Amino acid sequence: MHLDLSGKTALVTGSTQGIGEAIATGLARAGARVAINGRKPDAVEEAVTRVRSAVPDADLVAAPADVSTAEGAEALASTLPEVDVLVNNVGIFGAQPVLEISDDEWRRYFEVNVLAAVRLTRTFLPGMRERGWGRVQYIASDSAVVIPAEMVHYGMSKTALLAVSRGFAKEAKASGVTVNCVLAGPTHTGGVEDFVYQLVDRSLPWDEAQREFMRLHRPQSLLGRLIEPEEIANLCTYLASPLASATTGAAVRVDGGYVDSIVP
């Protein structure tokens, strides 16, 4: 299967590490011109260097901006007036007892995890529709469906992305533009190893440790291990490609079977 995104410009928000950086790398490997985004210019430049190391002929754009603000989104649109592939990946998470979450914290999660994606879709979708081709993706989570008791505000924001994605897919109907949500499962990203070793024997090698963590603390996973960011990037790269032209308005799972449902 040849995934060719030559001639296309992609923007991946929050792509200076983890899943976002892996998606940027996958899109660059498929031939897209990729904009690397993050709040800190130094972190963006470092990510550009890493992606170029992985894909030596990559066409990359450093696009630092805080997309959780209207001003940041406007600045980004000035740098990138046209985008063919928009991957709304930026997000925040953290554990907090639900009765202790303040109004300001509820608003912050909505601003960063939901409204940033809405704002950028509103910015770039009209151009995609006019050109007759485009891809919009929202990186959601198994937490959109299996709301974690310790992160209800996070789960709420990811559930909202399912509605946002389906709604914008209807707006893009019959235009050549597809809009989808990607439901990522428990993933091996920065800080996760420390978290795992807080809960399992530190003397275990990493592969054994993560499997023990999944067995004890995420037993509903059918994969039995954490998902690697590249595995999520593989699906995102496919959905961005011309080969995924009939997939739209969908919530596509790459969760290792974590969500106990036979319906995607």
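Reckoned from all heavy atoms, side chains included, excluding hydrogens, waters and symmetry mates. Keep in mind it's a predicted model, so treat the numbers as computed, not measured.
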(request) Please assess Glu208 against Arg211 for the test salt bridge (Lys or Arg N to Asp or Glu O under 4.0 Å), listing each intermediate value before the final yes or no. (result) CA-CA 5 Å; Glu208 290 181 36; Arg211 290 182 180 278; over 6 Å; no
(request) Dump the intermediate steps for side-chain contact (heavy atoms from CB on, under 4.5 Å) on Thr178 and Val136, then the final yes or no. (result) CA-CA 6 Å; Thr178 67; Val136 179; over 6 Å; no
(message) With side-chain contact (heavy atoms from CB on, under 4.5 Å) as the criterion, how do Val254 and Val182 come out once you've worked through the C-alpha distance, each side chain's angles and the decisive distance to 0.1 Å?
(response) CA-CA 7 Å; Val254 56; Val182 174; 3.8 Å; yes
(request) For the pair Arg253 and Asp255, evaluate salt bridge (Lys or Arg N to Asp or Glu O under 4.0 Å) and give the outcome as yes or no after the intermediate values. (result) CA-CA 6 Å; Arg253 290 164 50 190; Asp255 66 341; 3.2 Å; yes
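Residue Leu199 belongs to a hydrophobic cluster whose other members are Val192, Phe195, Val196, Tyr197, Val200, Trp206, Phe213, Met214, Leu226, with links defined by side-chain heavy atoms closer than 4.5 Å.
With sequence neighbours left out, Ser165 forms a side chain to side chain contact (heavy atoms under 4.5 Å, CB included) with Tyr138, Val179, Cys181. Partners of Thr248 by side-chain hydrogen bond (donor to acceptor under 3.5 Å, both in side chains), not counting sequence neighbours: none found. Annotation: side-chain hydrogen bond (donor to acceptor under 3.5 Å, both in side chains) contacts of Asp142 (sequence neighbours excluded): none.
A donor-acceptor contact shorter than 3.5 Å links the side chain of Thr13 to the backbone of Val90. A donor-acceptor contact shorter than 3.5 Å is absent between the side chain of Ser221 and the backbone of Arg218. When atom types are taken as modelled, the side chain of Asn180 and the backbone of Thr247 share a donor-acceptor pair closer than 3.5 angstrom. Remark: side-chain polar atoms of Thr159 are paired, donor with acceptor, to backbone N or O of Ala144 under 3.5 angstrom. No side-chain donor-acceptor contact under 3.5 Å links Thr49 to the backbone of Ala47. The backbone N or O of Ala62 lies less than 3.5 Å from no partner atom in the side chain of Glu45, so there is not a single donor-acceptor pair.
Under a cut-off of 6.0 angstrom, the local environment of CG in Asp207 is crowded, with over 12 non-hydrogen atoms contributed by other residues, nucleotides or ligands. The 12-atom threshold is not exceeded at CZ of Arg39, counting heavy atoms of other residues, nucleotides or ligands nearer than 6.0 Å.
Smallest separation of non-hydrogen atoms from Ala63 and Val44: N-CG1, 3.9 Å. Between Ala28 and Leu60 the shortest heavy-atom distance is CB-CD2, 4.3 Å. Here the closest heavy-atom approach between residue Ile36 and residue Ala24 is recorded as CD1-CB, 3.5 Å. Nearest approach of Asn37 to Ala65, heavy atoms of both residues: ND2-O, 3.1 Å. Among all heavy-atom pairs drawn from Ala240 and Leu5, the shortest one is O-CD2, 3.2 Å. Across all non-hydrogen atoms, the minimal contact from Gly249 to Ala169 is CA-CB, 3.5 Å.
Partner of Thr9 under the side-chain contact (heavy atoms from CB on, under 4.5 Å) criterion, out of Val85, Asp84, Val34: Asp84 alone.
Residues Pro229 and Thr187 meet the side-chain proximity criterion, which asks for heavy atoms closer than 4.5 Å. At least one side-chain heavy atom of Val177 sits under 4.5 Å from a side-chain heavy atom of Leu125. Taking the side chain as every heavy atom from C-beta outward, Asn88 and Gln137 never approach each other to under 4.5 Å.
In this structure, Met1 is a member of the same hydrophobic cluster as Leu27, with clusters built from ILVMFWY side-chain heavy atoms closer than 4.5 Å. Both Phe168 and Met128 belong to a common hydrophobic cluster when Ile, Leu, Val, Met, Phe, Trp and Tyr are linked at side-chain heavy-atom distances under 4.5 angstrom. Grouping the Ile, Leu, Val, Met, Phe, Trp and Tyr side chains by contacts below 4.5 angstrom, directly or via other members, places Leu86 with Val118. Under the 4.5 Å side-chain heavy-atom criterion for ILVMFWY residues, no single connected hydrophobic cluster contains both Leu222 and Leu235. Residue Tyr258 is not grouped with residue Ile147 when hydrophobic side chains (ILVMFWY) are merged at heavy-atom distances under 4.5 angstrom, including chains of intermediate members.
Atom CD1 of Ile92 and atom CD of Glu111 lie 10.0 Å apart (nearest 0.5 Å). The CG atom of Leu11 sits 5.0 Å away from the CG atom of Leu76 when rounded to the nearest 0.5 Å. Distance CD1/Ile23 to OG/Ser15: 9.0 Å, rounded to 0.5 Å. For the atom pair CD1 (Ile19) and OG (Ser141), the distance works out to 8.5 Å, reported to the nearest 0.5 Å. Summarising the geometry, atom CD1 belonging to Ile139 is positioned 7.5 Å from atom CD1 belonging to Ile232; distances are rounded to the nearest 0.5 Å. In this structure, Arg52 CZ and Thr25 OG1 are separated by 11.5 Å, a value rounded to the nearest 0.5 Å.
The side-chain hydrogen bond (donor to acceptor under 3.5 Å, both in side chains) contacts involving residues 91-109 comprise Asp104-Arg107, Glu105-Arg108, where partners must be two or more places apart or lie in separate chains. Sorted by first and then second residue, the pairs that involve residues 228-245 and meet side-chain hydrogen bond (donor to acceptor under 3.5 Å, both in side chains), not counting sequence neighbours, are His188-Glu228, Arg225-Glu231.
Under a cutoff of 6.0 Å and an axis angle of 45°, Arg129 and Trp133 do not form a cation-pi pair.
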